Amino acid sequence: MLLYSPTLAAQEKKATTEEEKVPFYQGTTIGVDIFGLGSKVFGGDITSTEISVEVNLKNRYVPVAEIGYGTTDTTDDGTNIHYKASAPYFRVGMNYNFFFRKPYLPGFLYGGIRYGFTSFSYDVSAPAMKDPAWGFPEIPFSYDGVKTTVTWAELLAGIKVNVYKNFYMGWSLRYRIRMNMKKTEHTEPWYIPGFGKNNSTNLGVTYSLIYKLPF
């Protein structure tokens, strides 16, 4: 027969009471991702930046909205294919703070999910193609203003650390899964704003400077 310890009961009651005392609203933060800006400086083909707004509920659940802008204008050295695109993108989702029982820590470790969306147009062109046997006729390959819409999901893990008063820094690693993409007859995008290079999945990184609003 199992006996229920009064001490254990008291500890459980104390933990429940302490959790109930945690204020529902724990503040709002605004962050700016600078990793996407730095990638171009270090020789990347893509530039992006985004702003995120997070609302901390009970130091545990954190609804998030992200809006950004991505752009590229590049030519492949091997194929000489030129690709150009720029457009805004949007994400919404939720973070979960694994350290919600430790509010005294200067930050937290979290996991999260996102749903991303972008609608944009792109230009793609390449040298004219020739018949391999006769060398003619030349077939031009150039499409401007091709419109498409893409949605995707993200699974992510990250940390956020308080560095000074209301200022924080944050990192996240994101696994992105493309869900739907509007295709055209002749071509498809090489780069998707907010998602990255056009594969069924890819990895992304963010590094953000974050400010907690004083209310």
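Small disclaimer: the values here were computed from a predicted structure and weren't measured.
M181 and Y83 fall within a single hydrophobic cluster, where Ile, Leu, Val, Met, Phe, Trp and Tyr are joined by side-chain heavy atoms under 4.5 Å apart, directly or via other members. Taking hydrophobic clusters as Ile, Leu, Val, Met, Phe, Trp and Tyr residues chained together by side-chain heavy-atom distances below 4.5 Å, I51 shares a cluster with M94. Hydrophobic clustering places Y104 together with I159 (ILVMFWY residues linked when any side-chain heavy atoms are closer than 4.5 Å, directly or through intermediates). Under the 4.5 Å side-chain heavy-atom criterion for ILVMFWY residues, a single connected hydrophobic cluster contains both V55 and L213. Under the 4.5 Å side-chain heavy-atom criterion for Ile, Leu, Val, Met, Phe, Trp and Tyr, I177 and I113 are members of distinct hydrophobic clusters.
In this structure, CZ on F108 lies 6.5 Å from CG on N59, to the nearest 0.5 angstrom. Note that CG of L109 is 10.5 Å distant from NZ of K102, once rounded to the nearest 0.5 Å. Interatomic distance, OH of Y175 versus CG of L203, reported as 7.5 Å (0.5 Å rounding). From T201, atom OG1 reaches atom CG of L155 across 11.0 Å, with rounding to the nearest 0.5 Å. Atoms OG1 and CG, on T71 and D45 in that order, are 11.5 Å from each other to the nearest 0.5 Å. T148 OG1 to N180 CG: the interatomic distance, rounded to the nearest 0.5 Å, is 10.5 Å.
Nearest heavy-atom pair across F99 and N97 is N-OD1, 2.9 Å. Pairing each heavy atom of P127 with each of T79, the nearest pair is CD-O, 4.0 Å. Nearest heavy-atom pair, T149 versus S119, reported as atom, atom and distance to 0.1 Å: OG1-OG, 3.4 Å. Minimum heavy-atom separation, P189 to F120: CB-CZ, 3.9 Å. Taking each heavy atom of D123 and G145 in turn, the nearest pair found is OD1-N, 2.7 Å. When all heavy atoms are compared, the tightest approach of Y110 to L156 is CE1-CD1, 3.4 Å.
In this structure, the side chains of E50 and Y89 come closer than 4.5 Å at one or more pairs of heavy atoms. At a threshold of 4.5 Å between non-hydrogen side-chain atoms, the residues V124 and I81 count as touching. At least one side-chain heavy atom of M169 sits under 4.5 Å from a side-chain heavy atom of V163. Two residues are said to be in side-chain contact when any heavy atoms from C-beta on lie closer than 4.5 Å; T28 and N56 fail this criterion. For the pair S48 and Y69, the minimum side-chain heavy-atom distance is 4.5 Å or more. Within the 4.5 Å cutoff, the side chain of I34 has no heavy atoms near those of the T49 side chain.
Side-chain atoms of H82 and D73 include a donor-acceptor pair closer than 3.5 Å.
Using modelled atom types, no side-chain atom of N198 and backbone atom of I192 make a donor-acceptor pair closer than 3.5 Å. In this structure, the side chain of D77 does not engage the main chain of N80 through any donor-acceptor pair within 3.5 Å.
A 6.0 Å sphere centred on CZ of F24 holds no more than 12 heavy atoms belonging to other residues, nucleotides or ligands. When the shell of 6.0 Å around CG of D144 is examined, it contains more than 12 heavy atoms from other residues, nucleotides or ligands.
Both tests pass for K160 against the ring of Y168: distance under 6.0 Å to the centre and angle within 45° of the axis.
Ring centroid separation for the pair F98 and Y96 comes in under the 6.0 Å cut-off.
Classified by interplanar angle (parallel below 30°, tilted 30° to 60°, perpendicular above 60°), the ring pair W152/F195 is perpendicular. Taking the six-membered ring where the residue is Trp, F167 and Y211 present tilted rings, their angle falling between 30° and 60°.
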Set out, in order, the CA-CA distance, both residues' side-chain angles and the distance that settles side chain to side chain contact (heavy atoms under 4.5 Å, CB included) for T29 and V53, then state yes or no.
CA-CA 6 Å; T29 60; V53 179; over 6 Å; no
Chi angles and distances behind the side chain to side chain contact (heavy atoms under 4.5 Å, CB included) call for R174, R91
CA-CA 13 Å; R174 302 176 178 227; R91 302 193 202 98; 3.4 Å; yes
Do T74 and Y191 pass the side chain to side chain contact (heavy atoms under 4.5 Å, CB included) test, and can you show the C-alpha distance, the side-chain angles, and the key distance before you say yes or no?
CA-CA 10 Å; T74 185; Y191 162 71; over 6 Å; no
Is there a side chain to side chain contact (heavy atoms under 4.5 Å, CB included) between K58 and F100 once you walk through the steps?
CA-CA 8 Å; K58 297 186 75 67; F100 69 95; over 6 Å; no
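No salt bridge links E154 with R114; every basic N to acidic carboxylate O contact stays at or beyond 4.0 Å.
Judged as a salt bridge (Lys or Arg N to Asp or Glu O under 4.0 Å), and not counting sequence neighbours, R178 has no contacts.
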